[in-house]
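Working notes for the structure below.
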Amino acid sequence: MSLEGLEEKWRARWEADGVYRFDRRAPRDRVFAIDTPPPTVSGSLHVGHVFSYTHTDVIARFQRMRGRAVCYPMGWDDNGLPTERRVQNYYGVRCDPSLPYDPAFTPPATPGTQAIPVSRPNFVELCARLTAEDEVVFEHLWRYLGLSVDWSMTYATIGRDAQRVSQLAFLRLLRAGRAYQVEAPTLWDVDFRTAVAQAELEDREVPGADHRVPFARPDGGTIEIETTRPELIPACVALVAHPDDPRYQPLFGTTVTTPLFNVPVPVMAHPLAEPDKGTGVAMICTFGDITDVTWWRELSLPVRAVIQANGAFRPVTWGEPGWESLDVPRAQAHYDQLAGLSAVKARARIVDLLRESGALIGDPRPISHHVKFFEKGDRPLEIITSRQWFIQTMNVREALLARGRELQWHPEYMRARFENWVNGLNGDWCVSRQRFFGVPFPVWYRVREDGTTDVDARLVPDEARLPIDPSTDVPDGFTAAQRGAPGGFAGDPDVMDTWATSSLTPFIVSGWERDPDLFARTYPMHLRPQAHDIIRTWLFSTVLRAHLETDSLPWADTAISGWVLDPDRKKMSKSKGNVVTPMGLLEEHGSDAVRYWAAKGGPGVDTAFEPGQMKVGRRLAIKLLNASRFVLGGTTPVGPITESVDRGMLRQVRALVVKATRHLDEYDYAAALRETETVFWSFCDHYIELVKRRRMGDDGPARSAAAASQVGLSVLLRLLAPFMPFVTEEVWSGWQTGSIHRAAWPTPHECDAPGASDADETALRCAIDITVRIRAQRSELKLGFGVPVSLTLELAEARRADWERVKADVLAGNNAAGQRVTFVADDDALTVAIATAS
RNA sequence: GGGCGGUUAGCUCAGCGGUAGAGCACCGGCCUUACACGCCGGCUGUCACAGGUUCGAAUCCUGUAUCGCCCACCA
């Protein structure tokens, strides 16, 4: 029997029969709802996806067999920058939100050299078109892998309903005062020209240099500071030192002047200044880093910003308000050499200027330091003042920590990552992005008679109108002609952070504010499976939104998968070039085999990519086919289970059912598989080998073997079905009616044979112990199984009864023609000698 | 710098107070009417290190080393 063609057959059949269809009429207490991670379709699937999605699927299949109506949808995350970039290149377009929607627009067959400007709705249409193609590929892989998803529940994060949910949830927060817009310094990527959130940051170690620079004191002396960003000297608004620092206490309250620009700035005291960093005095600029923002706010300092949204130094007319200098011409002359430059170029230039004017003490000292980057960005983040939308998080931190404790984590220790993150939050969540492909903010503003936008005069649509796009839709009471006109309106140009939509996946899936019946049955959901690297983003933001919107957890449990590591124990990633394409793997080893490997990686455990384990999985699948063929291929009718070996085997299987069920209930699929596998191999190598000859007859003992082996097989098949759905279905289908994946999860009760007891289990143990020794002897004497032997046994007296129970099976199962047994008092006694039977 | 996890046979990993385990790899044997895509057997370890608790520690505690991850760190 072979595995060829078997998976293909069942993929088609499952779809045709709707085996995995969610029963929407199931009462809530029978539902098991899974908040599946929507993969980013503009990326490519890698073996890590196969790994973690298999884990979820095992749980889904287990719960389904336990009688739960499993709500197991798939989502596609098509929002965000990766898609934008692909669409720009693929179609040769660029988004210009100021353009009107052109329903007739079609992209050129091949992208031209000059990007065609298109409206935001047109751009979004192209994004949807391209991602739809990606989704087909993804769905094919998931089906190939055998995920038991209900494909009728698929959603996309840019889809109409996801937009509606995102906008509706946003408006609700706005109304509740939990979302707000403010003009404030925010982290900014100068290449993407958008604000970014704390969750999207990463630190990178980059080379830099400490520059020592003197500021002039009124008494003619100097005060020296150290900085890695000398280009921000024109943006300096104060110096700061620790209040307890005796070196600088005399200077607090005095004014010093900046080098090159001769700007008077105060020397101030603040506890965040660290005496042992640099010279103990820091230059406060608007804005060099987050600490600058804190100082600026807490010390009520003015703003003197030099870096623009595109990263270039802005033009400044010195002497104007805010740009006072004691030597305006000198300041202007120096600054003019910086205007228009990027931060890096301005830094090089200002070092020259400092050196020329004698204001650089020593040479810049090269260092390596950590700098904040947008995770997808190439240049360090700047802090730029702009108008952005925020969702309150700082004032609910304690509540979120409580939610984190309420949530059941698998494994438990992953909760620490959540708490770590919540405790480290330093500001509310900035959710607006100055990008195009995403969910727009459903907000317009009034335009004043002078043509300027009044950002405080917000216009929001009725909830019933959602989703809307303010760049094409018109607020109630206005006409399209009034867009941008004096007395008219203007749409909010921004889109939401991709996590602002992803954080609502439980709402999207469960029909929040769309299908109250479905919502009541599925929300809060039961399980959030995901990898540990997005605890700070996806898991955190989902808990936050559910807390704010429904005052509850979004789900009861979360199961955190580890990563797949390459043989060097590094995370598999595209950039390292060590990625294995999942489709190739599945084709080579078979989905059941790859799933086997994946399922062996326990919750939270990073697991090495190992084709060897897939081969083992494949072997298990083949073994399953062959063992089934033996068990089901006999012609012996079933009868009462009377033999000790049969009963002992069933006792083992019974214990396995209890343990495997418990493990799966606790989301420890790896432990369940391990135990099941062990018992299954013992079933094949020990049990079947012992009884196969007994079963050849038609008498009571033969019928007992036929019956017991069928019960054992039935239970083992079902225990393995969540892991190896294809091969188990193949066997089941030729034997039972209906899909194994809809069959009832085995119960201990099924394995009960009348009259079975512990004695049967120890008797089986005895039979196996003796058999193992006989086999060793055969191996040592190079005697094939075909050669009949006679046995000489020395057994513990305590095992006399065991021996009597299993004697016939041991002899038949080992091709032994005769035996001579002596019993001794030693409880450990067990010696076996064999000789060729004459 | 803070947090979390790992360190067990050549490799991948179980075990998490009571005589060191599995699979793979390796070596040897076996055609045994379910399976040669198989079966049987064998070899392999100061359980990272040092202290402590205990009758007993791979397992609990403390510390060290080391690897990885998360977070913080632009003077």
Side-chain angles (χ1 to χ4, degrees), chain A residues 1-3 201-203 205-206 208 210-213 224-229 232 239-241 272-274 276-285 288-292 367 369-372 380-381 411 413-421 423-426 532-533 535-536 562-563 565 567 569-571 597 600-602 604-613 615-616 618-634 670-671 674-675 677-678 681 684-685 688-689 692-693 696 771-787 813-815:
Chain A
M1 210 179 267
S2 104
L3 298 168
L201 305 186
E202 68 180 28
D203 280 7
E205 193 164 354
V206 295
D210 278 332
H211 307 73
R212 188 174 277 243
V213 176
E224 292 174 7
I225 61 108
E226 273 192 0
T227 179
T228 56
R229 300 202 63 181
L232 292 180
L239 298 188
V240 66
L272 273 182
E274 294 178 34
D276 54 352
K277 263 193 179 175
T279 62
V281 190
M283 169 173 85
I284 304 176
C285 306
D289 64 20
I290 298 178
T291 318
D292 279 345
I367 56 161
H369 60 169
H370 288 88
V371 177
K372 284 190 198 307
L381 288 170
Y413 62 74
M414 286 293 178
R415 177 185 286 115
R417 307 223 177 181
F418 177 83
E419 296 187 342
N420 232 343
W421 176 251
N423 285 323
L425 285 172
N426 55 30
H532 52 63
D533 53 335
I535 289 174
R536 71 170 181 171
W563 278 339
L565 306 176
R569 301 213 60 80
K570 294 280 184 283
K571 184 193 177 189
W597 158 76
K600 285 217 138 180
V605 180
D606 292 345
T607 301
F609 173 74
E610 219 202 344
Q613 281 300 305
K615 294 199 170 71
V616 173
R618 188 177 172 83
R619 230 160 53 95
L620 176 59
I622 292 169
K623 193 74 174 177
L624 214 38
L625 284 180
N626 285 314
S628 301
R629 187 161 75 169
F630 170 79
V631 170
L632 303 176
R674 225 172 16 241
E675 308 239 20
E677 191 189 7
T678 302
W681 282 103
C684 293
D685 297 342
I688 290 182
E689 292 300 329
K692 67 204 289 188
R693 281 152 204 89
M696 283 172 183
T771 298
V772 165
R773 280 167 175 78
I774 296 170
R775 288 170 174 176
Q777 294 262 305
R778 279 189 183 275
S779 192
E780 202 173 310
L781 300 173
K782 302 192 196 318
L783 292 175
F785 185 86
V787 183
N814 287 287
N815 195 17

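To find a chain, count down the sequence lines: A is the first, B the second, and so on, and within it residues start at 1.
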Within the 4.0 Å heavy-atom criterion, would you say A/Leu381 contacts the bases, only the backbone, or no part of the nucleic acid?
base
Please classify the nucleic acid contact of A/Ala671 as base, sugar-phosphate, or nothing, using heavy-atom distances under 4.0 Å.
nothing
Ignoring hydrogens and angles, are the base of B/rC74 and the side chain of A/His369 linked by a donor-acceptor pair under 3.5 Å?
no
Identify whether any heavy atom of A/Asn815 sits under 4.0 Å from a base atom; if not, whether one sits that close to sugar-phosphate; answer base, sugar-phosphate or nothing.
nothing
RNA chain B stem ranges, 3 or more consecutive Watson-Crick or G-U pairs under 3.5 angstrom
B:1-7 with B:65-71, B:10-13 with B:21-24, B:26-30 with B:38-42, B:48-52 with B:60-64
Looking at every strand, decide which applies to A/Leu272 at a 4.0 Å heavy-atom threshold: base, sugar-phosphate, or nothing.
base
For A/Asp606 and A/His532, which heavy atoms make the closest approach, and how far apart are they?
OD1-NE2, 3.2 Å
With heavy atoms under 4.0 Å as the rule, sort A/Gly612 into base, sugar-phosphate or nothing.
nothing
State whether the side chain of A/Arg778 and the backbone N or O of A/Asn814 hold a donor-acceptor pair below 3.5 Å, judged by distance alone.
yes
Of A/Glu610 and A/Tyr413, the one whose nearest nucleotide on RNA chain B sits closer to the 5' end is A/Tyr413
Using a cut-off of strictly less than 4.0 Å, decide whether A/Lys277 has a side-chain nitrogen or oxygen near OP1 or OP2 of B/rC73.
no
Between A/Lys372 and B/rC73, is there a contact of a side-chain N or O with OP1 or OP2 at under 4.0 Å?
yes
Under 4.0 Å, heavy atoms only, any strand: does A/Ile284 hit a base, just the sugar-phosphate, or nothing?
nothing
What's the shortest heavy-atom distance between A/Ala670 and A/Gly602, and which atoms?
CB-CA, 3.6 Å
Can a donor-acceptor pair under 3.5 Å be found between the side-chain atoms of A/Glu689 and the base atoms of B/rA34?
yes
Answer with base, sugar-phosphate or nothing: what part of the nucleic acid does A/Glu274 contact at a heavy-atom distance below 4.0 Å?
base
Return the set of residues passing side-chain contact (heavy atoms from CB on, under 4.5 Å) with A/Arg536 (not counting sequence neighbours), or none when no residue passes.
A/Glu375, A/Trp421
Students often get this wrong, so: under 4.0 angstrom with heavy atoms, is A/Ala776 touching a base, only sugar-phosphate, or nothing?
sugar-phosphate
Is the distance from OP1 or OP2 of B/rC71 to the nearest side-chain N or O of A/Arg536 less than 4.0 Å?
yes
Measure across A/Trp597 and A/Phe609 and return the closest heavy-atom pair with its distance rounded to 0.1 Å.
CZ2-CA, 4.0 Å
RNA chain B: A/Asp685 or A/Arg674, which has the more 5' nearest nucleotide?
A/Arg674
I need the A/Asp289 CG to A/Thr228 OG1 distance, nearest 0.5 Å.
8.0 Å
With a non-hydrogen cut-off below 4.0 angstrom, is A/Trp597 in contact with a base, only sugar-phosphate, or nothing?
nothing
Take atom P in B/rG6 and the same atom in B/rG42, then report the distance between them in whole Å.
33 Å
Ignoring backbone atoms, test whether A/Arg619 places a side-chain nitrogen or oxygen under 4.0 Å from the OP1 or OP2 oxygen of B/rC39.
yes
Atom pair CZ/CZ of A/Arg417 and A/Arg415 - distance to nearest 0.5 Å:
14.0 Å
Ignoring hydrogens and angles, does a donor from either the side chain of A/Ser779 or the base of B/rG42 sit under 3.5 Å from an acceptor on the other?
no
Which of the following nucleotides, B/rC73, B/rC40, B/rC70, is nearest to the side chain of A/Arg417?
B/rC70
When you check the phosphate oxygens OP1 and OP2 of B/rC13, does a side-chain N or O of A/Lys600 lie under 4.0 Å from one of them?
no
N/O donor-acceptor pair under 3.5 Å between A/Thr227 side chain and A/His211 backbone:
no
